[in-house]
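The structure appears right after this line, and notes come after that.
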Amino acid sequence: EELLEAILYRAGGLIGAQNGFISLYDPQKGDLVTRVSTGRLKNSIGARIKPGEAITGRVWQSGETMAINDYENWPHRRPHPRTADFRSAVGVPLKLEESVIGVIGLFLPTPFKKHQIEILGQFAELAAIALDNAQLHTRLKTELAERQKTEQALTVSEEKYRTIIDSIQDGYYEVDLKGKYTLVNQALADLRGYTKDDLIKLNYKEYMDEGAVKDVFKTFHKVYKTGKPTKGVWKIAHRDGTVKYGESSVLLIKDAHGAPVGFRGLIRDVTARKAAEEALKASEEKYRTILDSIEDGYFEVDIEGNFTFYND
């Protein structure tokens with residue numbers, strides 16, 4: 001919820017909106033539920049919206065941003081307060097590849113301008129990636145405990161853009177088609193062990209081994225050919241010589257004419273997770289080796305009597 005609140009706060013801050021919400025899709029019930037809200041909508045947390053209902057359901061269904069500049073008289077509006085703060089409404093989809101995972105809704109006392117809608121759309125791309133990474137991290141963290149934030153640069157001032165990028169806890173990068181960094185945030189510089197100024201001069205081939213370079217090239221080439229975002233986990237050499245693992249998303253950057261000009265994405269440090277996975281794998285292999293060395297037969301069954309493990 002803290003990440004959702006931060007996303008909603010920053011989205012509202014980009015356009016000066018004090019009232020808003022984020023609803024996420026609930027696949028079990030097939031509708032959207034409001035997870036966080038702000039301003040006069042504080043009491044709307046938990047509200048459920050069906051696909052096609054109100055602005056939230058329509059945006060989720062279409063996958064496209066919807067702006068209503070006469071929200072007071074819009075016949076499909078929810079029972080929001082009829083005050084000056086709610087004269088205009090916008091719903092922006094949170095999309096991962098072809099799936100809409102939620103909707104950001106914001107309200108203004110004045111009509112939305114085109115550049116505000118564009119900024120929100122670009123911010124939503126980064127927010128969706130950050131949400132996906134956070135959910136993946138939570139799932140993996142839970143599993144290991146039991147067994148042991150786009151498509152185009154924000155069209156906003158350079159300073160505000162860099163402030164937003166540097167506020168992301170995961171590493172953020174943009175590279176040209178040759179793999180040379182054109183933009184990095186502080187989190188990525190820390191992951192590599194460089195300053196931002198030093199890192200921006202490098203090509204990815206300069207801090208990866210030959211195998212990782214081939215994997216990265218293959219992944220980037222696939223994104224270049226298909227235009228579809230993807231993910232990968234690669235070895236990364238830290239400046240001090242230690243080896244780290246980074247889980248990276250890769251999205252294609254296109255210019256105003258639709259021509260590919262580079263790539264962007266988020267990188268999460270998963271070194272600890274990889275170490276835990278390797279330790280678990282080694283432990284399971286040792287367990288299997290010990291059991292296979294036993295002369296007597298050994299087996300395990302579930303409560304229904306089905307074999308789940310047996311030695312040779």
Side-chain angles (χ1 to χ4, degrees), residues 1-27 29-96 98-131 149-152 154-157 160-161 164:
E1 300 302 322
E2 290 182 1
L3 177 58
L4 289 172
E5 289 176 354
I7 290 173
L8 181 57
Y9 174 79
R10 290 195 176 100
L14 287 173
I15 62 171
Q18 298 181 352
N19 299 288
F21 63 86
I22 294 179
S23 295
L24 296 183
Y25 180 65
D26 183 348
K29 295 189 176 182
D31 61 7
L32 295 104
V33 59
T34 301
R35 296 285 296 274
V36 295
S37 57
T38 186
R40 295 175 181 268
L41 302 177
K42 272 294 186 182
N43 296 328
S44 66
I45 293 176
R48 309 194 78 91
I49 306 293
K50 297 178 181 178
E53 180 183 1
I55 191 170
T56 306
R58 281 171 165 74
V59 170
W60 179 86
Q61 203 168 52
S62 68
E64 301 293 334
T65 296
M66 177 182 289
I68 310 295
N69 283 330
D70 187 19
Y71 188 67
E72 287 182 301
N73 299 313
W74 192 51
H76 307 291
R77 62 171 281 154
R78 296 278 291 173
H80 295 137
R82 290 185 178 274
T83 66
D85 293 340
F86 289 82
R87 286 177 179 164
S88 299
V90 67
V92 185
L94 292 166
K95 298 174 69 174
L96 285 172
E98 300 302 320
S99 300
V100 180
I101 62 173
V103 175
I104 300 175
L106 294 169
F107 300 85
L108 284 179
T110 56
F112 282 93
K113 294 180 174 61
K114 182 179 179 180
H115 76 275
Q116 292 176 316
I117 295 174
E118 290 176 348
I119 288 173
L120 289 175
Q122 292 162 358
F123 176 77
E125 291 179 4
L126 294 177
I129 297 171
L131 280 173
K149 268 161 206 55
T150 241
E151 194 54 42
Q152 221 177 4
L154 297 173
T155 54
V156 69
S157 70
K160 179 175 283 188
Y161 179 57
I164 293 173

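Each residue takes its place number in the sequence, starting with 1.
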**OP:** For Val92 and Val59, run side-chain contact (heavy atoms from CB on, under 4.5 Å): C-alpha distance rounded to whole Å, both residues' side-chain angles, the deciding distance at 0.1 Å, then the answer.
**Re:** CA-CA 7 Å; Val92 185; Val59 170; 6.0 Å; no

**OP:** Would you please say whether a donor-acceptor pair under 3.5 Å links the side chains of Ser44 and Thr34?
**Re:** no

Hey, what do you get for [atom1] ([X]) to [atom2] ([Y]), rounding to the nearest 0.5 Å?
X      : Y      : atom1 : atom2 : result
Leu106 : Leu14  : CG    : CG    : 9.0 Å
Ile15  : Phe123 : CD1   : CZ    : 11.0 Å
Leu120 : His115 : CG    : NE2   : 9.5 Å
Ile104 : Thr65  : CD1   : OG1   : 9.5 Å
Arg58  : Ile49  : CZ    : CD1   : 11.0 Å
Ser23  : Ile55  : OG    : CD1   : 11.0 Å

Original post:
Yes or no on side-chain contact (heavy atoms from CB on, under 4.5 Å) for Val90 and Ile68, after CA distance, side-chain angles and deciding distance?
Top reply: CA-CA 6 Å; Val90 67; Ile68 310 295; over 6 Å; no

**OP:** Report, as yes or no, whether the 6.0 Å neighbourhood of atom CD on Gln18 holds more than 12 heavy atoms from other residues, nucleotides or ligands.
**Re:** no

Original post:
Using 4.0 Å as the upper bound for N to carboxylate O, is an ion pair formed by Lys50 and Asp31?
Top reply: no

**OP:** May I ask you to decide whether Arg87 forms a salt bridge with Asp70, counting only side-chain N to carboxylate O separations under 4.0 Å?
**Re:** no

Original post:
Can you tell me if Ser62 uses its side chain to pair, donor with acceptor, with the backbone of Glu64 under 3.5 Å?
Top reply: yes

**OP:** Check for a donor-acceptor pair, side chain of Gln116 on one end and backbone N or O of Lys113 on the other, with a separation under 3.5 Å.
**Re:** yes

**OP:** Mind checking side-chain contact (heavy atoms from CB on, under 4.5 Å) for Ala6 and listing every partner two or more places apart, or none if nothing turns up?
**Re:** Arg10

Original post:
So among Ile22, Leu32, Leu94, which one has a side chain to side chain contact (heavy atoms under 4.5 Å, CB included) with Val103?
Top reply: Leu32

Subject >> Worked verdict on Ser88 versus Phe112 for side-chain contact (heavy atoms from CB on, under 4.5 Å) >> reply: CA-CA 7 Å; Ser88 299; Phe112 282 93; 3.7 Å; yes

Original post:
In terms of ring plane angle, is the pair Phe86 and Phe107 parallel, tilted or perpendicular, where the classes change at 30° and 60°?
Top reply: tilted

Can you see which heavy atom on [X] is nearest to which on [Y], and at what distance?
X     : Y      : result
Leu4  : Leu131 : CD2-CD2, 3.5 Å
Lys95 : Ala128 : O-CB, 3.3 Å
Pro93 : Val100 : CB-CG1, 4.1 Å
Asp26 : Arg48  : OD2-NH2, 2.6 Å

Subject >> Test log, rule side-chain contact (heavy atoms from CB on, under 4.5 Å), inputs Phe21 and Val36 >> reply: CA-CA 6 Å; Phe21 63 86; Val36 295; over 6 Å; no

